[in-house]
Engineer: 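Structure below; questions to follow.
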Amino acid sequence: MNSQEKIIAAKAIALVDVNNCYVSCERVFNPKLNGKPVVVLSNNDGCVVSRSAEAKALGIKMAGPWYQIKDLAKKHGVIALSSNYSIYGEMSNRFMSILGDFVTRAEQEIYSIDECFLDLTAYQQLFDITEYAQQMRQRVNQWIGLPVCIGIGATKTQAKLANHFAKTHPDLDGICNWLTMEDAVKNEWLLKTPVREVWGVGRQNTKSLEAIGIYSIADLIASNPMQIKKRFSIVMARTVMELQGIPCLELETAPPAKQQILYSRTFGQRMSDIDALNEIITVFASRAHLKLRQEKAVCTVITVFIMTNRMREQDPQLSKSHSITLSVDTDDLIQIAHAARIALAKIYKTGYDFQKAGIILTGLSAKGRQAQSLFDPEPTDLAKQEALMHALEKVNSRFGRKAVGIGVSAMQGQAWEMNQKARSPNYLTDWNELLRVH
DNA sequence: TCTGGGGTCCTAGGACCC
DNA sequence: TCTGGGGTCCTAGGACCC
């Protein structure tokens, strides 16, 4: 084969992602942040979820608890921002749609808020796909101001890896095409890159791999997938094969139906009282129920979990969950909230400071022609309920008693009309009145 | 005291991802 | 004092049945 000939791979998968996504979004709206160390914090300003290059250079770690780094950050003039997910979501939509212009619908998988896979296999015949990727990168930057890097490989895992190299080698100008790189360079990089950089290899697996002498990505590629499967799992075996260039993971171009709906929060303060937890779980149930409706699905299993703060090793620890399986599919709020309370009662114990709780709806299926429950809120009520819940979060994102109490009262106000048995003395029956309160 | 074997379903929990 | 949230997939082990 002549070296001028184009390299046509069996598959060419690209991974495009936004660099430091949340920080980059903030910078689009506030260019003064450019060139400065910036971090974006999670809910409750708990920990760092996005860092600018300047913040990374200061040694600020991803998911680091903010209270521990605050002093260091202040000293170096780090700008800390609370997260604004609706802005990030909107930017994400535009990002995905710009990339969508370069491929067909069946060639794009939206993988997360800031990443997507593109199948460029068919375009290899037509263009130099490295240049094609460069056009994507420039267009995203020109149109919406977000910086991106692109990795190209024979499989999704290879594309992820190439993307990592695109980020860590500035001379590549944001694009790393694994398919056209020289073997000597590839081998050198694989030898000196630790195995933990591989997609699917986390902390625990890194330890276990090192224990059997696998340190670099080159070591992992040289391993036998069947033996890896025995020692680890089918998942890790797939990772090895994908690194070797054998595709095991399909592009998922139509988002699969959700398998579970989860709503959970860490409390601002610790909580040990069953009544308070009951109120919180009821609010969580209604949030999860809203998502269930938006998904146009029904569920059969309601799971509730509560846990203490694992970080406080000096405190007694408890982490429990309980599932209730209903005999019929439901998307009825009252039924779900009721099951959630029963589940909570099963796992609750006195004498513990709980710090986090959640509800998970599983056994999901598409909603068919199901009879409407008498308890179903009308669509308008649903909208009102959503408005109320947003107001609630705004009023007290840390789940203070007062705000949660009102939220629960709202639900009980609805139930009241049906069963004449409100359990809260301060319930309100009028939605408009509720909304006025906030 | 002795105490099978295989299949299935469910629950709990671990590991990973962004 | 203060350590995110929302997902997926896999596995071990118990309950139950024949």
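Throughout, protein chains are lettered first and strands after them, A, B, ... in sequence-line order, and every chain is numbered starting at 1. Remember, it's a predicted structure, so these values are computed and weren't measured experimentally.
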Engineer: What does A:Lys160 touch in the nucleic acid at a heavy-atom separation under 4.0 angstrom: a base, only the sugar-phosphate, or nothing?
Structural biologist: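 Since only primed, P, OP1 and OP2 atoms lie under 4.0 Å of A:Lys160, the category is sugar-phosphate.
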Engineer: Is the backbone of A:Lys192 close enough, under 3.5 Å, to the side chain of A:Tyr215 for a donor and an acceptor to pair up by distance?
Structural biologist: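 A pair under 3.5 Å: no.
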Engineer: Between B:dT11 and A:Thr303, is there an OP1 or OP2 to side-chain N/O distance shorter than 4.0 Å?
Structural biologist: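 It does not, given that no N or O in the side chain of A:Thr303 lies less than 4.0 Å from OP1 or OP2 of B:dT11.
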Engineer: In whole angstrom, what separates A:Lys156's NZ from B:dC17's C1'?
Structural biologist: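 My rounded result for the distance is 12 Å.
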Engineer: Would you classify A:Lys258 as touching base, sugar-phosphate or nothing, given that sugar-phosphate means primed atoms plus P, OP1 and OP2, and contacts are heavy atoms under 4.0 Å?
Structural biologist: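 It contacts sugar-phosphate atoms only.
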Engineer: Specify the residues of residues 194-218 of chain A, ordered by number, for which at least one heavy atom lies under 4.0 angstrom from an atom of DNA chain B.
Structural biologist: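 Within this stretch, A:Val198, A:Trp199, A:Gly200, A:Val201, A:Gly202, A:Arg203, A:Gln204, A:Asn205 sit under 4.0 Å of the strand.
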Engineer: Would you say C:dT3 has OP1 or OP2 under 4.0 Å from some side-chain N or O of A:Arg312?
Structural biologist: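 A:Arg312 to C:dT3 OP1/OP2: no side-chain N or O under 4.0 Å.
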Engineer: Rounded off to whole Å, could you give me the CZ-to-P distance for the A:Arg265 and C:dG7 pair?
Structural biologist: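 Atom-to-atom, A:Arg265 to C:dG7, this comes out as 11 Å.
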Engineer: Just checking A:Ser83: base, sugar-phosphate only, or nothing, at a heavy-atom cut-off of under 4.0 Å?
Structural biologist: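 Nothing: the residue A:Ser83, judged by heavy atoms under 4.0 Å, touches no strand.
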Engineer: Looking across every strand, which nucleic acid part, if any, lies under 4.0 Å from A:Glu252 by heavy atom: base, sugar-phosphate, or nothing?
Structural biologist: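 Nothing, no nucleic acid heavy atom in range.
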Engineer: Would you call the rings of A:Phe284 and A:Tyr263 parallel, tilted or perpendicular, where under 30° means parallel and over 60° means perpendicular?
Structural biologist: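 Ring orientation of A:Phe284 relative to A:Tyr263: perpendicular.
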Engineer: Which residue, A:Arg270 or A:Ile261, contacts DNA chain C at a nucleotide closer to its 5' end, judged by nearest heavy atom?
Structural biologist: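 Nearest-nucleotide comparison on DNA chain C picks A:Arg270.
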Engineer: Anything under 30° is parallel, anything over 60° is perpendicular, the rest tilted; go ahead and classify A:Tyr352 against A:Phe354.
Structural biologist: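 The arrangement is tilted - the two ring planes meet at 30° to 60°.
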Engineer: Checking contacts here: which listed nucleotide (C:dT8, C:dT11, C:dG4) is nearest the side-chain heavy atoms of A:Ser233?
Structural biologist: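 Ranking C:dT8, C:dT11, C:dG4 by closest atom to the A:Ser233 side chain puts C:dT11 first.
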Engineer: Kindly assign one of parallel, tilted or perpendicular to the pair A:Trp199 and A:Phe117, based on the angle between their ring planes and the thresholds 30° and 60°.
Structural biologist: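 Plane angle between 30° and 60°, so tilted.
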Engineer: Assign A:Gln260 to base, sugar-phosphate, or nothing according to its heavy-atom contacts below 4.0 angstrom with the strands shown.
Structural biologist: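 Base contact - A:Gln260 has a heavy atom under 4.0 Å of at least one base atom.
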Engineer: What class does the angle between the rings of A:Phe165 and A:Trp178 fall in, given that below 30° is parallel, 30 to 60° is tilted and above 60° is perpendicular?
Structural biologist: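 Rings of A:Phe165 and A:Trp178: parallel, as their planes differ by under 30°.
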Engineer: Within the structure, does a side-chain N or O atom of A:Ser321 lie under 4.0 Å from either OP1 or OP2 of B:dA12?
Structural biologist: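 A:Ser321 to B:dA12 OP1/OP2: side-chain N or O found under 4.0 Å.
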Engineer: Looking at A:Gln259, I'd like to know whether one of its side-chain N or O atoms comes within less than 4.0 Å of OP1 or OP2 on C:dC9.
Structural biologist: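 Yes, such a contact exists.
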